[in-house]
Structures are given as structure tokens and as C-alpha cells.
Novice: 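Please see the structure below; I have some questions.
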Amino acid sequence: MTHTINHPEVLAEVTAVFARYEDALVNNKVDVLDELFWDSPHTLRYGAGENLYGIEAIRAFRNARPAVGLARTIVRTAITTYGHDFATTNIEFVRAGGTRVGRQSQTWLRLPEGWRVVAAHVSLMPDA
């Protein structure tokens with residue numbers, strides 16, 4: 001099986017949906033964040049301080065977290081698409097007023113309802 005890596009049309013789609021996700025994240029648009037994660041018990045999100053299994057756990061976390069300190073600057077982005085229905089997005093970021101480098105990885109899958117995050121991981125590197 002041959003997959004086209006970074007087909008321009010697919011890459012543009014994933015780049016756009018990732019930008020929508022990022023806007024929702026820093027502006028605490030929980031409804032959009034919920035929409036962009038796969039509505040499934042198989043979805044997972046490893047956070048900086050939590051391991052969340054299933055969309056219900058992810059929703060509960062998002063609804064309980066404070067809506068402050070979400071601003072961040074993305075310092076590096078790597079988006080790769082594999083064929084027409086699978087992609088990864090990876091960024092390095094720094095929180096506003098912070099110095100620690102954060103990392104975020106997402107696995108995206110095209111489903112009938114659109115592109116959805118099926119797995120995510122967020123971590124912070126120790127200060128140098």
C-alpha cells in the first residue's frame with residue numbers, strides 16, 4: 001500500500017483544523033475542543049499531569065480545569081499527513097510568562113464527521 005505523504009490538499013485541511021483546535025484551546029472554547037476529539041471510549045489524552053481514557057474523562061477534565069493561563073506561543077510545528085485520512089500534529093510551545101518548553105502531539109483521523117483527534121499527549125520539559 002502506498003500513501004502520499006503531505007498531499008497538499010490534505011495537509012491544508014489538517015493545518016486548518018489544527019488552527020481551529022489551537023484557537024479553541026487558548027480561548028477555552030470547550031464545545032469546539034469536544035467536537036474536535038473523537039467521541040469514543042477509545043480516545044485518549046495524556047496531559048502534563050493526568051492520563052485520560054475515553055471522551056467522557058477528557059470532557060470532565062476540560063469542564064473542570066480553570067480557564068486561565070491558557071495562552072501560549074508555538075515555537076515549532078510539524079504536521080504530517082499519511083494518505084488522505086491520517087495525520088499527526090506536533091508542536092513545541094511556551095506558556096505566556098513561562099520559560100519551560102511544552103510539547104504536544106496529536107493523532108488525527110478523518111471520520112465521517114470530519115477530522116478528529118484520536119490520541120493526544122502534552123508534556124513539559126524540565127527547565128534547563
Side-chain angles (χ1 to χ4, degrees):
M1 179 183 298
T2 302
H3 293 287
T4 302
I5 304 299
N6 288 339
H7 183 282
E9 182 179 303
V10 180
L11 184 59
E13 290 174 10
V14 174
T15 299
V17 75
F18 176 74
R20 185 169 176 239
Y21 171 86
E22 185 64 20
D23 174 70
L25 181 70
V26 300
N27 292 297
N28 201 41
K29 298 176 183 175
V30 175
D31 57 329
V32 176
L33 296 172
D34 284 348
E35 172 195 333
L36 294 177
F37 269 66
W38 184 30
D39 188 354
S40 169
H42 301 289
T43 304
L44 67 89
R45 179 185 176 278
Y46 293 152
E50 65 284 334
N51 295 331
L52 306 171
Y53 295 91
I55 193 63
E56 293 306 322
I58 295 167
R59 284 184 179 137
F61 167 78
R62 291 211 190 282
N63 287 322
R65 77 173 176 171
V68 296
L70 301 175
R72 63 188 187 177
T73 300
I74 296 175
V75 295
R76 186 172 184 157
T77 304
I79 298 175
T80 307
T81 66
Y82 308 87
H84 285 76
D85 301 320
F86 184 79
T88 58
T89 59
N90 294 277
I91 63 168
E92 292 178 33
F93 64 89
V94 177
R95 291 264 177 226
T99 59
R100 293 178 71 186
V101 174
R103 299 172 292 185
Q104 173 185 290
S105 299
Q106 296 173 326
T107 303
W108 291 81
L109 181 64
R110 184 196 307 267
L111 296 165
E113 59 271 25
W115 285 99
R116 297 296 184 263
V117 175
V118 297
H121 182 218
V122 179
S123 61
L124 295 170
M125 297 182 70
D127 282 327

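Computation of the quantities below employed the complete heavy-atom set of this structure, encompassing side-chain atoms and omitting hydrogens, waters and symmetry-equivalent molecules.
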Novice: Does the side chain of E50 come within less than 4.5 Å of R45's, by heavy atoms?
Specialist: yes
Novice: With under 30° as parallel and over 60° as perpendicular, where do the rings of H7 and H84 fit, or are they tilted in between?
Specialist: tilted
Novice: Are R110 and V10 close enough that some pair of their side-chain heavy atoms sits under 4.5 Å apart?
Specialist: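 Counting from C-beta outward, R110 and V10 do come under 4.5 Å.
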Novice: Do you know which two heavy atoms are closest between W115 and F86, and how far apart they sit?
Specialist: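 Looking at all heavy atoms of both residues, the closest pair is CH2-N, 3.6 Å.
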Novice: Can you tell me if T43 uses its side chain to pair, donor with acceptor, with the backbone of W38 under 3.5 Å?
Specialist: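 Confirmed, T43 side chain pairs with W38 backbone.
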Novice: Which value, rounded to the nearest 0.5 Å, describes the distance between T107 atom OG1 and N90 atom CG?
Specialist: 8.0 Å
Novice: Consider salt bridge (charged side-chain N to carboxylate O under 4.0 Å, His left out). Of R62, K29, R20, which one does E35 pass it with?
Specialist: R20
Novice: Within a strict 4.5 Å, meaning less than it, do heavy atoms of the I91 and E22 side chains meet?
Specialist: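 They are in side-chain contact.
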Novice: Compare all side-chain heavy atoms of F18 with those of Q106 and state whether any distance is below 4.5 angstrom.
Specialist: yes
Novice: F93 pairs by side chain to side chain contact (heavy atoms under 4.5 Å, CB included) with which of V26, V122, T73?
Specialist: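 For F93, the side chain to side chain contact (heavy atoms under 4.5 Å, CB included) check succeeds only for V122.
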Novice: So do Y82 and I5 actually touch side chain to side chain, heavy atoms under 4.5 Å?
Specialist: yes
Novice: side-chain hydrogen bond (donor to acceptor under 3.5 Å, both in side chains) with T80: which residues, sequence neighbours excluded?
Specialist: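 For T80 there are no side-chain hydrogen bond (donor to acceptor under 3.5 Å, both in side chains) partners, ignoring immediate neighbours.
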Novice: Are Y46 and W108 in one and the same hydrophobic cluster, where Ile, Leu, Val, Met, Phe, Trp and Tyr link if side-chain heavy atoms are under 4.5 Å apart?
Specialist: no
Novice: With a 4.5 Å cut-off on side-chain heavy-atom distances among I, L, V, M, F, W and Y, is there a chain of contacts connecting L11 to V14?
Specialist: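 L11 clusters together with V14.
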Novice: Do you reckon F37 sits in the same ILVMFWY cluster as V17, going by side-chain contacts under 4.5 Å, direct or chained?
Specialist: yes
Novice: List in chain and number order the residues that pass salt bridge (charged side-chain N to carboxylate O under 4.0 Å, His left out) with R116, two or more places apart in sequence or in another chain; answer none if no residue qualifies.
Specialist: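 Partners of R116 under the salt bridge (charged side-chain N to carboxylate O under 4.0 Å, His left out) test: none.
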Novice: Do you know which two heavy atoms are closest between N63 and V30, and how far apart they sit?
Specialist: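 Shortest heavy-atom separation between N63 and V30 comes out as OD1-CG1, 3.4 Å.
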Novice: Rounded to the nearest 0.5 Å, what's the gap from CG on D39 to CD on E56? Could you check?
Specialist: 7.0 Å
Novice: Could you check if a side-chain atom of R95 sits within less than 4.5 angstrom of a side-chain atom of R100, using non-hydrogen atoms only?
Specialist: no
Novice: Just so I know, are the side chains of L33 and L25 near enough to count as touching, which here means a heavy-atom distance under 4.5 Å?
Specialist: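 Of all side-chain heavy-atom pairs linking L25 with L33, at least one is under 4.5 Å.
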Novice: Taking all non-hydrogen atoms of both residues, which atom of L70 and which atom of P66 are closest, and how far apart?
Specialist: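 The answer is CD2-O, 4.3 Å.
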Novice: Under a 4.5 Å side-chain heavy-atom rule over Ile, Leu, Val, Met, Phe, Trp and Tyr, are L36 and L52 clustered together?
Specialist: yes
Novice: Side-chain heavy atoms nearer than 4.5 Å, only ILVMFWY residues, links allowed to pass through others: does that put I55 and F61 together?
Specialist: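 Linked within one cluster.
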Novice: Using the side-chain hydrogen bond (donor to acceptor under 3.5 Å, both in side chains) criterion, which residues pair with Q104? Sequence neighbours excluded.
Specialist: R72
Novice: Working to the nearest 0.5 angstrom, can you tell me the gap between L44 CG and H42 NE2?
Specialist: 11.0 Å
